[in-house]
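Some notes on the structure that comes next.
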Amino acid sequence: MPAYIKEIVHRNLNAARDSAVSLWIGLIVGVPVALAEVFYLKGITVIYDLRAVLGNWTLIGMPFAGLLIVYLMNTFGKDCNKGINHIFRIVQGKEHSLSLRVIPLMILTIWLSHLVGASVGRATGVIQIGVAIALWLGHMLHLDNDKIRLTVSGLAAGFACLFGIPRSRRSSSV
């Protein structure tokens with residue numbers, strides 16, 4: 001067999017193996033991230049319903065909620081308050097992990113912020129929660145060499161939940 005054919009076969013086999021590994025990582029990461037994100041996003045829905053009942057009275061609690069959030073992040077936050085830049089540093093190899101304490105802290109602080117009417121988004125939460133779960137699973141499964149795939153899988157799973165993908169036909173036919 002000519003050398004160029006061997007090279008093409010070898011390249012395609014490597015691509016197929018890489019695709020299979022990425023699919024496996026995506027499945028392993030996607031399910032737990034989706035479960036955590038559904039909990040997080042359903043909680044925000046409950047918070048909005050509660051705010052509708054309480055009205056503008058929740059605005060009085062905004063300064064106190066802000067102080068509580070600062071206290072929680074400074075006391076328990078470790079690398080939680082580094083934000084999205086920390087995730088970029090992980091991908092670049094400058095940082096090695098993201099603490100699991102990101103998950104409850106992000107959920108609690110974002111829920112509290114929404115309760116008192118603060119203008120905070122949901123995307124930072126889903127990204128950090130997804131990446132924290134993905135990196136933890138990667139560590140548990142000894143996939144520490146695949147940090148980029150793990151990070152991207154966690155990020156993608158979080159965004160998929162945030163934007164409701166995939167949607168059933170029933171929910172999209174409104």
Side-chain angles (χ1 to χ4, degrees), residues 25-91 95 97-140 147-174:
I25 288 174
L27 289 172
I28 296 295
V29 167
V31 172
V33 170
L35 292 173
E37 301 294 356
V38 165
F39 174 73
Y40 165 69
L41 294 171
K42 290 293 182 186
I44 289 177
T45 303
V46 170
I47 295 290
Y48 282 152
D49 292 344
L50 183 61
R51 278 195 66 216
V53 171
L54 296 174
N56 290 334
W57 288 104
T58 58
L59 294 174
I60 295 170
M62 193 178 296
F64 304 108
L67 290 172
L68 178 60
I69 289 169
V70 168
Y71 171 77
L72 290 173
M73 286 298 188
N74 286 338
T75 305
F76 305 106
K78 194 179 170 187
D79 54 8
C80 301
N81 56 2
K82 293 180 183 175
I84 301 300
N85 289 333
H86 187 72
I87 292 169
F88 292 143
R89 283 190 223 100
I90 291 171
V91 172
E95 298 280 345
S97 66
L98 186 63
S99 174
L100 271 183
R101 64 179 83 180
V102 159
I103 298 167
L105 276 172
M106 289 305 294
I107 290 173
L108 180 65
T109 58
I110 291 176
W111 283 357
L112 186 58
S113 298
H114 281 283
L115 177 64
V116 297
S119 178
V120 297
R122 302 174 187 179
T124 300
V126 297
I127 290 171
Q128 288 185 323
I129 292 167
V131 171
I133 292 171
L135 291 175
W136 177 78
L137 285 170
H139 180 70
M140 291 292 116
K147 282 199 192 298
I148 292 175
R149 283 187 211 189
L150 289 163
T151 303
V152 170
S153 294
L155 193 139
F159 269 121
C161 287
L162 178 63
F163 295 113
I165 299 168
R167 290 182 187 251
S168 68
R169 290 194 182 267
R170 261 186 242 142
S171 65
S172 64
S173 63
V174 175

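Residue numbers run from 1 in the order of the sequence given. On a predicted model such as this, the values are computed, not experimentally measured, just so you know.
- Proximity of V126 to C161: side-chain heavy atoms (C-beta onward) are nowhere separated by under 4.5 Å.
- Under a cut-off of 6.0 angstrom, the local environment of CG in N56 is sparse, with at most 12 non-hydrogen atoms contributed by other residues, nucleotides or ligands.
- By the 4.5 Å heavy-atom criterion applied to side chains, H139 and L150 are not counted as neighbours.
- Annotation: the span from N74 atom CG to I69 atom CD1 amounts to 12.0 Å, rounded to 0.5 Å.
- Residue Y71 places its OH atom among 12 or fewer non-hydrogen atoms of other residues, nucleotides or ligands, all under 6.0 Å distant.
- The nearest pair of heavy atoms linking L115 to L50 is CD1-CD2, 3.7 Å.
- Smallest separation of non-hydrogen atoms from I44 and I110: CD1-CG2, 4.2 Å.
- Summarising the geometry of A132 relative to I103, their closest heavy-atom pair is CB-CG1, 4.2 Å, with the distance given to 0.1 Å.
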Q.
Let's go through V116 and R51 carefully: what are the C-alpha distance in whole Å and the side-chain angles of both, what is the deciding distance for side chain to side chain contact (heavy atoms under 4.5 Å, CB included) to 0.1 Å, and is it a yes or a no?
A. CA-CA 8 Å; V116 297; R51 278 195 66 216; over 6 Å; no
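- Here the shortest heavy-atom pairing between I87 and I127 reads CD1-CG2, 3.4 Å.
- For the atom pair CZ (R101) and CZ (F76), the distance works out to 9.0 Å, reported to the nearest 0.5 Å.
- Going from atom CG of L135 over to atom CG of L100 covers 9.5 Å, rounded to the nearest 0.5 Å.
- For the pair L59 and G117, the tightest heavy-atom approach, listed with the atom from each and the gap, is CD2-CA, 4.2 Å.
- Annotation for M73 and T109: closest pair CE-OG1, 3.9 Å, computed over non-hydrogen atoms.
- Annotation: the span from M62 atom CE to I60 atom CD1 amounts to 11.0 Å, rounded to 0.5 Å.
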Review item, side-chain donor-acceptor pairs of residues 25-42, under 3.5 Å, at least two apart:
from, atom 1, to, atom 2, distance (Å)
E37, OE2, G130, N, 3.4
Y40, OH, R122, O, 3.3

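- From L137, atom CG reaches atom OG of S153 across 10.5 Å, with rounding to the nearest 0.5 Å.
- With values rounded to the nearest 0.5 angstrom, W57 atom CH2 is found 11.0 Å from L54 atom CG.
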